[in-house]
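Notes for the one structure printed next.
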Amino acid sequence: MRILLTNDDGIRAPGLKVLEKIARQFSDDIWICAPDEEQSGMGHALTLTRPVRLRKHGERRFSVTGTPTDAVTMGLRRVMDGTPDVILSGVNRGANLADDITYSGTVSAAIEGALAGVRSIALSQVYSKDGTADEAPFGPAIEWGARVLAPLLDTPLPKRTLVNVNFPPLRPSEIQGVRAVRQGFHDYSRGTVVEGRDPRGFKYYWFGLEAIEHTLDHGTDLEAIDEGYISVTPLQLDLTHHSSLGALADRYVD
Ligand code: MN
């Protein structure tokens, strides 16, 4: 099995090393192509207005001066000889849950893989409640990664779909199990914009995500993580809201 790895936290991200450890439990045919620098929050951005550079860091190990989508594109079209069987994106430092994951570089890298017709899986480690942003403990991902991935690597998945996995912020022994769940809902109406002043006295703004409301609806990824489970959510690229389609079509009848 040929596996392409990427990580929106960059080629030097600890979560990429974790992912490599997990992937090597399935194959030695591992290729890495990740952004040169952290690209969290870049979503599905594709670099169009400037060139990207490809850097070789070792055997089958490359970085791209661009976005996570750029890294997957380069991995598929320039770095690898032949198409991978699987693309794994992560393990991200931080959660990628609910319906706002279009912000996510981690999930978007997997979306790019799905667009290319490759089985693609995004993996994220939710922060520990007593850890800091820079010390996301990857224990749950390390301990449970292969167990979660095994069924995802041999279950038939429809084309143009991907799978989003999140590990809860617990000790590995405290994890309750794995749940296949739908996306939850994040209420962004209370997201904060923090205003400050830089050392030269000019105002700056910084987006804060802490105030976002988590609605723990039954059967969602948010509920699973809250209850100590690993969440596994299949996603599709078709964002059409099918039940509105008829109502809108009726409005455009001649
Ligand atoms: Mn990230």
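When a ligand or atom number is given, it counts from 1 through the structure's own listing order.
A donor-acceptor contact closer than 3.5 angstrom links the side chains of Asn92 and Thr106. Using modelled atom types, one finds no donor on one side chain facing an acceptor on the other under 3.5 Å when comparing Asp217 with Thr220.
Remark: side-chain polar atoms of Asn166 are paired, donor with acceptor, to backbone N or O of Asn96 under 3.5 angstrom.
Every pair tested for salt bridge (charged side-chain N to carboxylate O under 4.0 Å, His left out) that includes a residue from residues 3-17 fails, sequence neighbours excluded, so the list is empty. Residue pairs meeting the side chain to side chain donor-acceptor pair (under 3.5 Å) criterion with at least one partner in residues 56-66, sequence neighbours excluded, are Glu20-Arg61, Asp29-Arg60, Asp36-Ser63, His57-Ser63.
Residues passing the salt bridge (charged side-chain N to carboxylate O under 4.0 Å, His left out) test with Asp238: none are found, sequence neighbours excluded.
Any protein N/O/S atom under 2.8 Å from the Mn ion (ligand 1) was counted, giving 4 altogether.
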